[in-house]
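Supplied in structure tokens, the structure appears directly below.
In what follows, residues are counted from 1 in the order of the sequence shown. Just so it is clear, the structure is predicted and the values come from calculations on it, not from any experiment.
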Amino acid sequence: MRTLRTTLRGAAVAAVTASLAAGAAVAALPATAAPSATDEGRAMVKASVVKQKATSEARDQKAKPKVKPKVKKPKKAAADPDFGPNVTFIDPTWSTDRINTFLDSVNDEAEMSLGRHQVFFEPGTYGSAAGQNDPATATDIVNQTVGYYESISGLGAQPGDVLINGALHVEPVVGCPERPWECAAPGSLNHFWRSMSNMAINPIQRPVGEDAARPFPAGVTEPHQMRWAVSQAAPMRRMDIQGSLTVFGRYGEFASGGYLANSRVAGTIATGSQQQWFTRNSEVGTWDGGVWNMVFSGVQGAPATDFGQDLAEGAKGVKTTVDNTPISREAPFVYRADNGELAVFVPNARTDSNGTDWSTSAESGTSIGMSDFYVAREDVDSAASINAALADGKNLLLTPGVYELDAALRVDRADTVVLGLGYASLTPTAGNSVLEIGDVAGVKIAGITADANVPESATLIKVGPEGANVSDPANPTTLTDVFVRVGGPWEGKAVTSIEVNSDHTLLDHIWAWRADHGHGVSWDGNTGAHGVIVNGDDVTATGLFVEHYQENQTIWNGENGRTIFYQSEIPYDPPSQSAFMDGDRLGYASYRVADDVTNHEATGLGVYSFFNQEQDIRVESGIQTPNRPGVRFQSMTSVFLNGSGGINHVINDTGGPAVGSFAAPQVISYP
């Protein structure tokens with residue numbers, strides 16, 4: 001998202017401290033950012049060499065590398081496929097010490113590491129609930145942080161089949177150990193690429209590792225509360241939190257999340273400094289807080305819409321609630337079937353739904369045995385071997401790793417499932433796409449990351465060929481937890497990250513990111529014009545994050561499109577206004593509905609600016625759309641984060657400026 005300096009004005013710090021002392025939710029403070037140093041990009045070379053070098057460099061850069069004992073991994077059941085060394089199965093025979101030690105051995109990947117980890121908990125109860133009322137004295141709990149490229153999932157048919165007494169938590173970066181309330185940045189702004197799913201947690205959290213020895217540990221929470229202080233690409237799905245959840249740091253550190261779906265939180269969700277958050281088809285006890293754009297769709301217990309309304313002490317409401325999600329499909333997941341073998345459950349799509357759906361009945365979806373999957377491994381497979389399996393009618397399970405592909409993976413069979421574990425990543429080596437779906441319906445893609453490379457790709461992920469005409473409204477092709485990066489781990493170039501040509505496609509939690517920090521990052525280095533282009537009709541996006549692309553970041557050409565929640569940052573690095581012009585229009589709108597579209601609907605949009613080149617660069621509006629009755633927008637904001645220049649209008653010529661100083665103008669509806 002952004003890399004921030006750790007200096008804050010005294011008045012801003014005092015405001016955070018006072019809010020914390022009063023027990024109030026902490027609003028995010030104006031961000032101050034600095035451009036990251038760029039590193040020369042490179043085309044990928046032989047995978048084993050690259051991984052060894054990147055892992056060595058990442059660990060050498062750590063200020064205080066941890067020395068950890070090797071942990072013997074449990075043997076898998078005889079019926080289980082060989083998922084390779086990056087997938088671990090934990091079962092109830094493991095002691096809590098063994099579990100915590102193992103989890104500590106996989107949670108320290110560097111931000112741009114090539115390491116990937118999938119951790120499965122077999123059905124059972126883990127840890128003791130004896131200390132739940134006083135976490136400071138609790139013993140025998142499963143309690144560890146979750147790091148980059150780490151996915152933790154339960155293998156039960158229901159979330160409650162795996163019960164964790166303890167906490168699997170994410171804490172902000174601690175910039176000032178002696179006075180952490182003075183260092184809100186970077187906090188959790190770069191806490192990306194980690195996930196948790198399909199478990200019940202009885203929250204009992206304690207600080208761990210070096211944090212436990214600090215004078216003000218970050219990992220302390222209230223009794224019956226767990227922290228998940230994350231930003232983009234860090235979903236929590238199919239979770240049963242049997243207590244409360246806080247999604248920001250203990251001392252009000254910045255965070256820029258986030259996504260929660262098909263989950264139940266019995267207590268309070270405290271959002272504090274979270275700048276935006278999207279919650280879909282869930283159940284919440286109480287929702288507390290909000291900064292700029294908090295959106296709820298099909299959420300039981302969601303707060304009432306107050307976006308743009310006057311609140312106490314001059315504040316404006318930032319929450320928007322959609323009673324029912326028009327169309328949704330929950331993510332496919334691996335589970336242990338009644339016969340003891342692993343299978344993948346693929347939920348059906350639902351229309352006009354709300355609340356959780358944890359059923360694994362035949363009426364709710366389809367269970368597919370592992371014999372119908374090709375289990376791919378990065379150290380074994382190529383584009384050719386994977387495509388041969390797909391052509392043979394197999395579904396695809398990508399075990400954790402970075403797959404170098406000299407051709408796109410081709411999905412040409414209706415209803416094919418492609419499921420990535422542990423942030424399985426695909427990168428092109430010949431200017432190709434990494435994934436192309438044919439003119440078929442009902443394909444499910446979930447849990448993959450696409451990394452652009454050099455030479456440049458025209459498109460990284462293509463959903464349907466141009467002119468696609470096969471679709472099924474009741475069984476939409478669905479992309480779930482699909483993330484794209486242009487730059488970051490290395491220099492990458494891609495004109496368009498995701499192109500959707502098939503009608504009735506569902507995009508559920510997408511983060512397309514032209515990197516603003518990392519390796520190969522510069523205006524002329526990691527080039528990317530568009531994050532998402534939608535050409536198909538009747539396409540729905542629920543939870544769309546698209547950031548830093550150099551032209552219109554999202555373009556909607558299809559009819560009857562709908563977006564619920566959109567988050568975007570304008571690119572930080574245009575060197576001049578002349579380099580960032582849409583014809584004679586100042587800058588590029590982030591969200592662009594084509595001029596000939598007659599029907600479109602979007603709810604809960606936030607477009608933020610931070611130009612860091614010390615140039616007065618303007619964007620005429622964050623959203624650009626035809627002005628006609630069938631094109632409707634609700635709950636929109638522009639935000640000036642820092643830097644220079646800014647956004648003149650929220651949508652078209654409507655909405656106040658977010659220019660030159662911190663501002664967050666709102667437009668309740670348009671037209």
Side-chain angles (χ1 to χ4, degrees), residues 65-80 83-109 115 117-147 150-171 194-213 217 219-221 223-228 239-243 334-336 340 342 400 421-422:
K66 293 180 280 187
V67 178
K68 300 173 183 176
K70 292 183 179 180
V71 179
K72 185 178 179 181
K73 297 181 180 180
K75 294 182 179 180
K76 304 176 184 66
D80 292 350
F83 290 105
N86 301 326
V87 178
T88 299
F89 293 78
I90 295 174
D91 65 58
T93 66
W94 287 41
S95 68
T96 53
D97 284 345
R98 183 183 179 190
I99 293 170
N100 290 328
T101 300
F102 170 75
L103 292 176
D104 194 36
S105 74
V106 296
N107 67 1
D108 62 348
E109 296 290 350
H117 304 282
Q118 175 69 56
V119 180
F120 286 119
F121 278 84
E122 297 280 2
T125 297
Y126 298 84
S128 168
Q132 60 184 340
N133 295 325
D134 187 3
T137 63
T139 59
D140 197 33
I141 57 174
V142 175
N143 182 45
Q144 195 50 261
T145 57
V146 181
E150 181 182 357
S151 294
I152 302 180
S153 307
L155 284 175
Q158 297 290 313
D161 292 345
V162 174
L163 173 62
I164 304 292
N165 288 300
L168 300 169
H169 47 106
V170 180
E171 307 299 333
R194 64 202 76 198
S195 67
M196 187 158 53
S197 62
N198 198 33
M199 295 183 293
I201 295 185
N202 174 29
I204 314 169
Q205 179 173 323
R206 296 183 61 179
V208 295
E210 63 182 17
D211 181 47
V220 173
T221 64
H224 309 287
Q225 183 187 63
M226 186 179 79
R227 179 171 292 107
W228 188 254
M239 292 295 296
D240 184 8
I241 307 297
Q242 299 174 356
V334 180
Y335 76 110
R336 185 72 67 185
L342 293 175
L421 302 181

Any residue meeting side-chain contact (heavy atoms from CB on, under 4.5 Å) with Val334, in chain and number order, not counting sequence neighbours
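Val334 satisfies side-chain contact (heavy atoms from CB on, under 4.5 Å) with Phe120, Leu155, Leu342, Val344, Met370, Leu397, Leu419, Leu421 once adjacent residues are dropped.
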Those residues at least two apart in sequence (or on a different chain) that pass side-chain contact (heavy atoms from CB on, under 4.5 Å) with Ala129 are Gln132, Asn165, Asn202
With sequence neighbours excluded, residues passing side-chain contact (heavy atoms from CB on, under 4.5 Å) with Asp134:
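Ala136, Thr137.
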Do Asn198 and Val162 have side chains that get closer than 4.5 Å, going by heavy atoms?
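The answer is no, as the side chains (C-beta and beyond) never meet within the 4.5 Å cut-off.
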OG1-CD distance between Thr101 and Gln144, expressed to the nearest 0.5 angstrom
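Taking OG1 in Thr101 and CD in Gln144, the distance rounds to 8.5 Å.
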Counterpart residues, side-chain contact (heavy atoms from CB on, under 4.5 Å), relative to Pro223 (two or more places apart)
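Partners of Pro223 by the side-chain contact (heavy atoms from CB on, under 4.5 Å) criterion, ordered by chain and then number, come out as Pro135.
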As an exercise, state the distance from OG of Ser153 to CE of Met199, rounded to the nearest 0.5 Å.
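These two atoms lie 6.5 Å from each other.
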Where Ile141 and Ile204 come nearest, the two heavy atoms and their spacing:
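Heavy-atom minimum between the residues: CD1-O, 3.4 Å.
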For the student: nearest non-hydrogen atoms of Pro217 and Ala212, plus distance:
CG-O, 4.3 Å
Hydrogens and angles aside, do Asn107 and His117 bring a side-chain donor and acceptor to less than 3.5 Å of each other?
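No, no side-chain donor-acceptor pair sits under 3.5 Å.
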Here the gap from Ile164 atom CD1 to Ile90 atom CD1, rounded to the nearest 0.5 Å, amounts to 8.0 Å
Which atom names give the shortest non-hydrogen contact between Thr145 and Val208, and what distance separates them?
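Of all heavy-atom pairs spanning Thr145 and Val208, the closest is CG2-CG2, 3.9 Å.
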Could you grab the distance from atom CD of Gln158 to atom OH of Tyr335, nearest 0.5 Å is fine?
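One gets 10.5 Å once the value is rounded to the nearest 0.5 Å.
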Heavy-atom closest contact (Asp140 atom, Thr96 atom, distance)
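For Asp140 and Thr96, the tightest heavy-atom pair comes out as OD1-OG1, 2.6 Å.
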Heavy-atom pair of closest approach, residues Phe102 and Trp94:
CB-CZ3, 3.9 Å
Testing the basics here: between Pro203 and Gln242, what is the closest heavy-atom pair and its distance to 0.1 Å?
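Pro203 and Gln242 have their closest heavy atoms at CD-O, 3.6 Å.
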Please examine the side chains of Ile99 and Leu103, heavy atoms only from C-beta on, and report whether any two atoms are closer than 4.5 Å.
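In short, these two side chains touch, coming nearer than 4.5 Å.
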Which residues pass the side-chain hydrogen bond (donor to acceptor under 3.5 Å, both in side chains) test with Thr221, not counting sequence neighbours?
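For Thr221 there are no side-chain hydrogen bond (donor to acceptor under 3.5 Å, both in side chains) partners, ignoring immediate neighbours.
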Please tell me if the side chains of Met196 and Met239 come closer than 4.5 Å, counting only heavy atoms from C-beta onward.
yes
Considering residues at least two apart in sequence or located in another chain, which fulfil the side-chain hydrogen bond (donor to acceptor under 3.5 Å, both in side chains) criterion with Asp161?
none
Any residue meeting salt bridge (charged side-chain N to carboxylate O under 4.0 Å, His left out) with Asp211, in chain and number order, not counting sequence neighbours:
Arg214
Which residues pass the salt bridge (charged side-chain N to carboxylate O under 4.0 Å, His left out) test with Asp240, not counting sequence neighbours?
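Testing Asp240 for salt bridge (charged side-chain N to carboxylate O under 4.0 Å, His left out), a comparison that skips the adjacent residues, returns Arg264.
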I would like to know whether Ser95 and Asp97 meet side chain to side chain donor-acceptor pair (under 3.5 Å); could you show each step before the answer?
CA-CA 5 Å; Ser95 68; Asp97 284 345; 5.4 Å; no
Do any pairs count as a salt bridge (Lys or Arg N to Asp or Glu O under 4.0 Å) and have a residue in residues 162-171, sequence neighbours left out, and if so which ones?
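Non-adjacent pairs meeting salt bridge (Lys or Arg N to Asp or Glu O under 4.0 Å): Glu171-Arg227.
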With a 4.5 Å heavy-atom cut-off, do Asn143 and Gln205 have their side chains touching?
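The answer is yes, as the side chains (C-beta and beyond) meet within the 4.5 Å cut-off.
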Kindly state each residue pair satisfying side chain to side chain donor-acceptor pair (under 3.5 Å) with at least one member in residues 120-131, sequence neighbours excluded.
Glu122-Arg336
